[in-house]
Trainee: 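Right, I'll just put the structure down here and ask away after.
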Amino acid sequence: MKNTHSQKDKKVDTVLAHAGCSPEAFHGFVNPPVVHASTVLFPDVETLTTGNQKYTYGRRGNPTTDALEQAIIELEGAAGAKLANSGLNAIAMACLSSVKTGDHILIPDNAYGPTRYFADTVLPRYNVEVEYYDPSLNAEIAKRFKPNTSVVFVEAPGSLTFEMQDIPVIAKAAHGIDATVIMDNTWASPLFCQPIALGVDLSIQAGTKYIVGHSDVMLGTIAASERAWQALDQIHGAMGVHVAPDDVYLALRGLRTLSVRLERHMKNTLEVLDWLGKRPEVKALRYPALETDPGHEIWKRDFSGASGLCGFDFADGTTTAQANAFYDALALFGLGYSWGGYESLAIPVRLKGMRTVNLPDSDAHCARLHIGLEDPADLIQDLGQALDTAFG
Ligand SMILES: *Cc1c(COP(=O)(O)O)cnc(C)c1O
């Protein structure tokens, strides 16, 4: 939906508590109803033929989807917002709304893997030229521009490797050639990074992660700046994207506690990493909120917090058998994809062959951790016993 009113004067925790709520419209009930609907009735032929009423057909939105879209608009400071079936669907739609045949799109080398899969398999069919760039280019991104560059995609910190990008500098350069800037902002959520204020045109959330927050729903959100809104609205409608009301309701429920959850994720993560960094089995930590992280200065300037997703590199010489034994020995940390729920997770990361531009083409063993809402002392105990088991 398009932004019709905004609570710009409210602080973010207040926005989280009230955004999208309109009890006066629903007999005073605090939460919006879960509207299961396809058909919407019109009072007369005149209204039906002109379509002159708020809701016209289930696919085009209902009070439940409006509530979440309105909340996203307010959180992101957007001109408009749309929901998607998944984070990847949000990324695909944002790209499709911004490119046409013959265009050139720039994507950072450390983008989320399935983003690359979409770009590599779908865009070339429409004769869109996909180019990956070194995420550390920043101002030098302009050297990659071509006359047909129409999109610069950014993601910070980068997936699996956590490099930061200078978003305002990249956005300014991109706007200089009238290109659209798309950011995957899932790591920080709209609470800890405000892409549109940094110059981004389309801000993506895999709502599946922190907005939903309970590992039980797939959902994406796209927030648009004024210049990107119309194209997004158009393609979203044309492609028939619709998110089921029960899922939207769960996302709204998750959203209300986003701030308190993220605050705890960050506190727990700092505590766990402080301990992990002292272990001899660990060579380096990957988390921009740490002063030792190469992206720390940019993070401090542009972000107001850090989430629970982080990584570490095992010490040189770590064998595959040792790394695997570590994962298998974990008891509290689950082995699985996705993240952003209340629970801690771990996955093995091998960078070899994953990057095509600035590849750290080493055979090093890395780990990605999601630090959940468990007591950090228990998480440390679990990591400790797993390291002891694997390396002992
Ligand atoms: C998980 C993830 C996505 C995709 O979200 P889905 O809802 O799983 O499709 C996109 N970007 C990042 C950074 C992610 O971690």
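Both ligands and their constituent atoms are indexed starting at 1 by order of listing.
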Trainee: Yes or no: does Tyr337 have any heavy atom under 4.0 Å from an atom of ligand 1?
Mentor: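 In this structure, Tyr337 fails to qualify as a contact of ligand 1 - no heavy atom is under 4.0 Å.
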Trainee: Looking at Glu155, which atoms of ligand 1 are within less than 4.0 Å of one of its heavy atoms?
Mentor: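 Selected atoms, number and element: 13 (C).
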Trainee: So which heavy atom in the protein is nearest atom 9 (O) of ligand 1, and how far is it from that ligand atom?
Mentor: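 Ranked first by proximity to atom 9 (O) of ligand 1 is Leu88 N, 2.9 Å.
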Trainee: Given Leu255, which of Val212, Leu250, Thr221, Leu75 fulfils the side chain to side chain contact (heavy atoms under 4.5 Å, CB included) condition?
Mentor: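 Exactly one pass, corresponding to Leu75.
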Trainee: Can you tell me which portion of Trp339 lies within the under-4.0 Å heavy-atom range of ligand 1? Options are side chain, backbone, both, or neither.
Mentor: side chain
Trainee: Looking only at protein heavy atoms, which one is nearest to atom 4 (C) of ligand 1, and what is the separation?
Mentor: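 The protein heavy atom lying closest is Tyr112 CE2, 3.4 Å.
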Trainee: Closer than 4.0 angstrom, basic N to acidic O: yes or no for Arg264 and Glu374?
Mentor: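 So Arg264 does not pair with Glu374 through a salt bridge.
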Trainee: Centre of Tyr342's six-membered ring, under 6.0 Å away, within 45 degrees of the axis: is that where NZ or CZ of Arg261 sits?
Mentor: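 No, Arg261 does not sit over the ring of Tyr342.
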Trainee: Any atoms of ligand 1 less than 4.0 Å from a non-hydrogen atom of Ser86? List them with their elements.
Mentor: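 Answer, ordered by atom number: 7 (O), 9 (O).
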Trainee: Atom 1 (C) of ligand 1: which protein heavy atom is closest, and how many Å away?
Mentor: Lys209 NZ, 1.4 Å
Trainee: Hey, is Thr208 touching ligand 1 through its side chain, its backbone, both or neither, going by heavy atoms under 4.0 Å?
Mentor: side chain
Trainee: Write out the residue and atom name of the closest protein heavy atom to atom 12 (C) of ligand 1, then the distance separating them to 0.1 Å.
Mentor: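 Checking every protein heavy atom, the shortest distance to atom 12 (C) of ligand 1 gives Asp184 OD2, 3.4 Å.
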Trainee: Could you list the atoms of ligand 1 found under 4.0 angstrom from a heavy atom of Met218?
Mentor: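 It comes down to these atoms of ligand 1: 6 (P), 7 (O), 8 (O).
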Trainee: Determine, for Asp316 against Lys283, whether the closest basic-nitrogen to carboxylate-oxygen distance falls under 4.0 angstrom.
Mentor: yes
Trainee: Among all protein heavy atoms in this structure, tell me which lies nearest to atom 5 (O) of ligand 1, with the distance rounded to 0.1 Å.
Mentor: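 The answer is Ala206 CB, 3.2 Å.
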Trainee: Determine whether a donor-acceptor pair (N or O, by modelled atom type, separation under 3.5 Å) exists between the side chain of Tyr287 and the backbone of Ser307.
Mentor: yes
Trainee: Between Arg144 and Asp134, is there a side-chain N and carboxylate O pair less than 4.0 Å apart?
Mentor: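 Looking at Asp134 together with Arg144, the answer is no, because their closest N to O distance does not fall below 4.0 Å.
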Trainee: Salt bridge check: are Arg279 and Asp388 linked by an N-O gap of less than 4.0 Å?
Mentor: yes
Trainee: Check whether NZ of the Lys or CZ of the Arg Lys300 lies under 6.0 Å from the centre of the six-membered ring of Phe192 and within 45 degrees of that ring's axis.
Mentor: no
Trainee: Is Ile91 in contact with ligand 1, taking contact as a heavy-atom separation below 4.0 Å?
Mentor: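 A heavy atom of Ile91 does come that close to ligand 1.
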Trainee: Pull out every atom of ligand 1 sitting under 4.0 Å from any heavy atom of Ser159, numbered as shown with elements.
Mentor: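 Here the atoms of ligand 1 in question are 13 (C).
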Trainee: Decide, yes or no, whether a salt bridge links Lys146 with Glu129 under the criterion of side-chain N to carboxylate O below 4.0 Å.
Mentor: yes
Trainee: May I ask whether Gly220 has any heavy atom positioned less than 4.0 angstrom from an atom of ligand 1?
Mentor: no
Trainee: Residue-level breakdown please: for Ser338 versus ligand 1, do any non-hydrogen atoms fall below 4.0 Å on the side chain, on the backbone, on both, or on neither?
Mentor: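 Looking at Ser338 and ligand 1, no heavy atom falls under 4.0 Å.
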Trainee: Identify whether the distance between the nearest side-chain nitrogen and carboxylate oxygen of Asp201 and Arg227 falls below 4.0 Å.
Mentor: yes
Trainee: Look only at interatomic distance and state if Gly87 has a nitrogen or oxygen under 3.5 Å from any nitrogen or oxygen of ligand 1.
Mentor: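 So ligand 1 has an N or O lying under 3.5 Å from an N or O of Gly87.
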